[in-house]
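Worksheet: one structure, shown below.
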Amino acid sequence: MTDPYERSAEFIDVMMAPHWDAFGPPLTKVLQGFGPGPIVDLGAGGGLGTMVIAEALPDAEIMAVEPSPALRSVLTARMSERPGLRDRVTVLPGNLLRAALPPGVSGVVAMNVIGHLAPEERRGLWNLLVPGVRAVLNLQPPAEPVEVPTTRFADLRLGRHRYEGWGRAEPAGPDSVTWHMSYRVYEGEQLVREVTTDYAWRVLGERTLREELREHHLTLTPVGPEDLGMYVVERETHAYGS
Ligand SMILES: C[S@@+](CC[C@H](N)C(=O)[O-])C[C@H]1O[C@@H](n2cnc3c(N)ncnc32)[C@H](O)[C@@H]1O
């Protein structure tokens, strides 16, 4: 399967960074309720979230699963240059079904990734959540397979250049959209580079996810500021916070 992030990897990390200013504090808080076993960072990207996990849980082992070789390069470099992370973060290629996870996983962080998972991968994730094992994830709009008009979602400066990220979505099936992305680099007013790529994304709203989870005897609990769309998923018998 081709990797859509092969073309966009150089932009993803810098464009995700401002979002992690918001995701970091609620994720840190949620992780305090996780057990002592290894934490899986699913679709870790360049490792911005992995660093939050590492700081929130200074003794935890972290398995950072990242299928894109380009983003995995960013992740590996970021982890290896930090002595506190080098010893306890393992970078794994592939997806959740192919990753060689150790026994005793205590939690899964799936930030900004759930729409990338095929139904069987989602099932694999839910099956990992035995009693005492929690997941934290976020849902991103749209919740239905609808058109999303072209929107600028990133605008940042690096040296002489300004980077813009643009995207629009179109329906691609009963539960999917295709995101058509354009990453633009400007020097002054002049567009000096443009990279485009498409992401397949399974749409998922709170109601649909809750119904799916109920079949697996899992609950969905909102956490953090509402606009971030973050949730904890866990076994019905162990309500979050109890
Ligand atoms: C928008 S990025 C988010 C990266 C990181 N979690 C963050 O929030 O900064 C989505 C990530 O999911 C990864 N990904 C795509 N398909 C995946 C799959 N089937 N399983 C796990 N990760 C996947 C991509 O390679 C990419 O790194």
Side-chain angles (χ1 to χ4, degrees), residues 1-28 30-31 39-56 62-79 89-101 105 107-128 135-141 151 153-154 156 165-167 169 172 175-181 183 195 197-204 224 228-231:
M1 207 167 67
T2 57
D3 168 24
Y5 286 94
E6 186 183 346
R7 294 169 62 77
S8 59
E10 66 176 299
F11 304 106
I12 294 300
D13 200 68
V14 284
M15 292 187 179
M16 287 306 296
H19 297 283
W20 274 101
D21 291 342
F23 290 131
L27 178 59
T28 298
V30 162
L31 288 171
I39 304 288
V40 178
D41 187 5
L42 182 60
L48 294 164
T50 322
M51 288 199 301
V52 172
I53 301 168
E55 199 165 314
I62 301 172
M63 312 304 291
V65 178
E66 176 46 54
S68 162
L71 279 167
R72 210 160 57 236
S73 306
V74 181
L75 173 66
T76 306
R78 183 170 273 144
M79 297 303 119
V89 179
T90 303
V91 174
L92 296 173
N95 61 30
L96 189 64
L97 302 180
R98 302 221 318 264
L101 298 177
V105 163
V108 180
V109 174
M111 290 299 294
N112 306 304
V113 71
I114 199 76
H116 281 312
L117 306 190
E120 64 272 20
E121 291 177 83
R122 273 208 321 254
R123 267 198 302 280
L125 172 54
W126 310 146
N127 288 338
L128 262 184
V136 52
L137 55 80
N138 65 328
L139 296 178
Q140 293 166 286
T151 309
F153 61 87
L156 55 99
W166 293 81
D175 66 351
S176 300
V177 294
T178 302
W179 278 100
H180 300 285
M181 311 302 292
Y183 301 91
V195 172
T197 193
D198 293 343
Y199 305 128
W201 188 259
R202 288 169 180 86
V203 293
L204 203 54
L228 298 183
M230 290 173 68
Y231 298 86

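Order of listing sets the numbers, starting from 1, for every ligand and every atom in it.
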Tabulating one pair per line, provide the atom names and distances (0.1 Å) for every N/O atom of ligand 1 that is less than 3.5 Å from a protein N/O atom.
unit_1   : atom_1 : unit_2 : atom_2 : d
ligand 1 : 6 (N)  : Gly43  : O      : 2.7
ligand 1 : 6 (N)  : Met111 : O      : 2.9
ligand 1 : 8 (O)  : Trp20  : NE1    : 3.3
ligand 1 : 8 (O)  : Met111 : O      : 3.4
ligand 1 : 8 (O)  : Asn112 : ND2    : 2.7
ligand 1 : 9 (O)  : Trp20  : NE1    : 2.9
ligand 1 : 19 (N) : Glu121 : OE1    : 2.8
ligand 1 : 19 (N) : Glu121 : OE2    : 3.4
ligand 1 : 25 (O) : Glu66  : OE2    : 2.6
ligand 1 : 27 (O) : Glu66  : OE1    : 2.6
ligand 1 : 27 (O) : Glu66  : OE2    : 3.2

*Which pair of non-hydrogen atoms, one from Met230 and one from Pro26, has the smallest distance, and what is that distance?*
SD-CG, 3.9 Å
*Can you name the closest pair of heavy atoms from Trp201 and Ile114 and give their distance?*
CH2-N, 4.2 Å
For residues 47-56, which side-chain donor-acceptor pairs fall under 3.5 Å, sequence neighbours excluded?
unit_1 : atom_1 : unit_2 : atom_2 : d
Thr50  : OG1    : Asp41  : OD2    : 2.7

Which atom pairs, donor and acceptor, lie under 3.5 Å between side-chain atoms of residues 63-72 and protein residues at least two apart or in another chain?
unit_1 : atom_1 : unit_2 : atom_2 : d
Glu66  : OE1    : Ala44  : N      : 3.4
Glu66  : OE1    : Gly45  : N      : 2.8
Glu66  : OE2    : Ser68  : N      : 2.8
Ser68  : OG     : Asp3   : OD2    : 2.8
Ser68  : OG     : Ala70  : N      : 3.4
Ser68  : OG     : Leu71  : N      : 3.2
Arg72  : NH1    : Glu66  : O      : 3.0
Arg72  : NH1    : Pro67  : O      : 3.1

*Would you find a donor on one side and an acceptor on the other, under 3.5 Å apart, between the side chain of Thr197 and the backbone of Pro4?*
yes
*asked:* Test of understanding: with ring pair (Phe, Tyr, Trp, His ring centres under 6.0 Å), list the residues that count as partners of Phe11, not counting sequence neighbours.
replied: Tyr163, Tyr183
